[in-house]
Amino acid sequence: MRLLTRKLPWLLGTLFAVSFFTFMLVSLLPGDPAVMILGAGGVSPEAVAQLRLELGLDRPLLVRYFDWLGNALGGDLGRSPMTGQSVTDAILSRLPVTIQLGVMAILIALVLAIPLAMVSAYFAGSRLDRSISGVGFALMSVPGFMMAIFLILIFAVGLGWFPATGWVPLSVSPTANLRSAILPAMSLAMIELALYMRLLRTDLIDTLQQDYITLARAKGLPNWLILTRHALRPSSFSLMTVVGLQLGGVISGAIIVEEIFALPGVGRLLYQSILQRDLLMVQGIVLFIATAYVVVNFLVDLCYSLLDPRVRYAE
Amino acid sequence: MRSKLTDTGVVRSRAQGFSAAARQVFGRGFGPGFWVAAGWLVLVALCAVFADWLPVNDPLEPVIANRLNGPLTTNLLGADGLGRDILARLVHGSRVSVVIALSAVCIGMVIGGTLGVLAGYFRGHFERGLMAVLDVILAFPWLVLLLALVAFIGQSLMAISVAIGFLWIPAYARVARANTLSVVQREYVLAARAMGASTLRILLREVLPNVILPVLAYGLVAMGLVIIVESALAFLGLSVEAPQPTWGGMISEGKRHLATAVHVALVPSVTMFLTVLSLNYVGDRLRSRFDVRGSNL
């Protein structure tokens with residue numbers, strides 16, 4: 001609790017700075033939004049001035065910022081001048097796709113990374129360990145979009161097991177939903193997998209040299225029990241932190257993967273809004289993503305101290 | 001938590017001159033894999049420099065008759081959907097990757113490194129302020145930040161380099177700061193201070209030589225990541241504009257022909273994979289020589 005009261009001001013400060021930075025970044029983009037909406041050329045200056053007035057663009061930047069922030073705190077990110085759609089609604093309607101994609105990717109990566117890292121760490125230095133680490137090393141050199149193309153090539157074009165593009169919502173058909181989500185999630189997971197595996201392996205090798213592992217071994221506990229019960233938990237903390245931090249990587253990857261697989265997610269919405277110069281939409285999405293990222297990492301930080309007695313008692 | 005993780009990982013310093021370090025790096029054997037990877041990197045760099053003089057076809061000339069021809073037919077590595085020579089496009093595309101990798105890493109290294117050294121040396125408000133700003137920058141997923149930056153400063157080679165270089169400032173500032181923090185506490189810095197050396201002299205003569213090696217050692221791996229980032233941008237059609245060929249752009253074009261002509265996407269993918277893998281491998285080996293642990297930044 002004391003931890004929470006000490007860290008909360010930091011969280012709020014960061015979020016405030018993030019919102020300011022987002023607003024400035026997008027507001028400073030070249031091009032007058034009013035001209036953009038009316039279409040360049042052949043528009044009277046009066047019409048542009050009129051629209052600027054309607055959009056509130058004539059007011060000073062800081063006034064607009066606090067206005068926008070005030071509305072954003074109330075859950076209103078404005079209305080896209082291009083499509084007339086509410087930015088909040090647009091994000092919320094696409095959010096389930098991106099969340100499902102991200103969660104599936106992280107789960108797949110963890111499910112594969114944890115046992116592989118355990119085997120690798122237990123047989124550290126063996127041929128098996130070297131081949132696992134080697135594959136992991138190679139995976140780190142493959143960008144997400146390249147992985148997506150290979151997966152499409154093998155599983156969609158070649159074997160025809162999964163669709164190459166498109167999305168079926170969970171509410172329509174759970175199996176079809178999984179089939180449409182598996183390839184995008186795998187493309188994201190493969191990159192994360194390599195990172196998780198490398199990190200956990202290093203930590204596990206450290207942990208396995210501790211005295212209490214020797215003690216557990218002396219007690220005659222079977223190896224799998226030592227690995228899962230005694231070694232994994234103390235080794236998983238930096239993994240947890242990195243899973244949180246890597247969320248930024250997952251979101252970045254999601255922008256590309258959603259575009260490749262034509263998934264109606266937040267990442268694709270952001271990309272297309274940038275192409276269409278829909279500034280208010282871009283602003284809203286960037287603020288939303290950055291806020292989510294900061295808050296999740298804050299929660300990871302809190303969990304960290306809840307799970308690790310050493311951190312808890314040090315407070 | 002983030003700072004704790006990276007700080008403990010990177011802290012390492014060496015009180016030795018450049019020549020001793022050079023002997024340590026190049027003295028013992030690296031094994032054949034290292035030299036194969038290094039050789040590939042040299043090849044890519046030479047292609048980038050001499051692209052205009054190499055005996056390859058015109059990368060922009062469409063020859064309709066060769067359209068989607070496979071490797072080892074009319075064209076050594078095949079032709080793309082417009083009948084352009086893939087080998088020539090790879091050679092010319094390497095320019096974009098090499099130039100952006102070098103300049104973006106330099107920008108990040110110089111600006112981030114300087115800020116990090118100053119923060120680690122002077123501490124206080126400057127350090128706290130800098131770390132807070134870096135935290136805010138890191139709160140944006142890299143592609144989100146990059147897309148916004150590119151929309152702001154344009155798609156020239158220069159603009160893309162600056163935008164990607166900007167992304168690297170936080171990482172380099174952290175590495176440099178962590179190393180500076182450990183160097184500043186060493187006896188030779190104290191000795192220099194006791195002898196009445198000026199701050200500038202201490203920074204340049206005592207701190208910088210001991211911080212620069214770990215920072216440089218991180219450079220090759222960073223270049224691999226920059227190539228990945230640039231290609232992702234090119235894949236989305238937001239890197240250097242056509243007609244300049246880029247590896248990411250070539251893969252993006254190849255995606256359309258996956259069902260009929262796999263090589264159009266496969267050849268640039270393999271080229272890029274080998275390049276990034278080589279950078280990671282060479283960088284990793286060099287870094288383990290310096291015993292710098294900072295791969296999780």
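To find a chain, count down the sequence lines: A is the first, B the second, and so on, and within it residues start at 1.
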Asks: Given that the side chain runs from C-beta out, which part of A/Thr22 has a heavy atom under 4.5 Å from chain B: side chain, backbone, both or neither?
Replies: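 For A/Thr22, backbone and side chain are both near chain B.
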Asks: Heavy atoms only, distances under 4.5 angstrom: which of A/Ile256, A/Leu15, A/Thr14 has the most pairs with chain B? Name it, please.
Replies: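 Ranked by heavy-atom pairs under 4.5 Å with chain B, first place is A/Ile256.
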Asks: Going by the side chain to side chain contact (heavy atoms under 4.5 Å, CB included) test, name the single residue among A/Leu275, A/Ile274, A/Val282 that passes it with B/Leu147.
Replies: A/Ile274
Asks: Taking the side chain as C-beta and beyond, is there a heavy-atom pair between A/Pro143 and B/Met272 under 4.5 Å?
Replies: yes
Asks: If you measure from CD1 on A/Ile149 to CG on B/Leu266, what distance do you get to the nearest 0.5 Å?
Replies: 9.5 Å
Asks: So which part of B/Ile227 gets closer than 4.5 Å to some heavy atom of chain A, the side chain, the backbone, both or neither?
Replies: neither
Asks: Name the member of B/Val276, B/Ile228, B/Leu236, B/Ile251 that forms the most heavy-atom pairs with chain A at distances under 4.5 Å.
Replies: B/Leu236
Asks: Of the backbone (N, CA, C, O) and the side chain (C-beta and beyond), which part of A/Val294 lies under 4.5 Å from a heavy atom of chain B, both, or neither?
Replies: side chain
Asks: Heavy-atom distance under 4.5 Å between the side chains of A/Tyr293 and B/Leu138, does that happen here?
Replies: no
Asks: Chain B heavy atoms under 4.5 Å from A/Leu270: which part of the residue, side chain, backbone, both or neither?
Replies: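 For A/Leu270, side-chain heavy atoms alone lie under 4.5 Å from chain B.
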Asks: Answer with side chain, backbone, both or neither: which region of A/Ile260 has an atom nearer than 4.5 Å to a non-hydrogen atom of chain B?
Replies: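 For A/Ile260, heavy atoms of backbone and side chain both lie under 4.5 Å from chain B.
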Asks: Could you grab the distance from atom CG of B/Asp284 to atom CE of A/Met140, nearest 0.5 Å is fine?
Replies: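 So the CG of B/Asp284 and the CE of A/Met140 are separated by 7.5 Å.
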Asks: Distance from B/Ser269 atom OG to A/Phe150 atom CZ, nearest 0.5 Å?
Replies: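 It is 4.5 Å, given to the nearest 0.5 Å.
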Asks: Can you find a heavy atom in the side chain of A/Phe21 that is under 4.5 Å from one in the side chain of B/Val133?
Replies: no
Asks: Using a cut-off of under 4.5 Å for heavy-atom pairs, which of B/Ser231, B/Gly248, B/Ala265 has the most such pairs with chain A?
Replies: B/Ser231
Asks: Look up atom CG in B/Leu143 and atom CD1 in A/Ile251, then write down how far apart they are to the nearest 0.5 Å.
Replies: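 If I round to the nearest 0.5 Å, the distance is 11.0 Å.
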Asks: If you tally heavy-atom pairs under 4.5 Å against chain A, which of B/Phe273, B/Tyr281, B/Phe235 wins?
Replies: B/Phe235
Asks: Could you go step by step and tell me if B/Asp135 and A/Trp10 meet the side-chain contact (heavy atoms from CB on, under 4.5 Å) rule?
Replies: CA-CA 11 Å; B/Asp135 271 348; A/Trp10 173 86; 4.0 Å; yes
Asks: So which heavy atom on B/Pro141 is nearest to which on A/Ser252, and how close?
Replies: CB-OG, 3.5 Å
Asks: Could you tell me the separation between the CG atom of A/Leu287 and the CZ atom of B/Phe140, rounded to the nearest 0.5 Å?
Replies: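 Output value for this atom pair is 8.0 Å.
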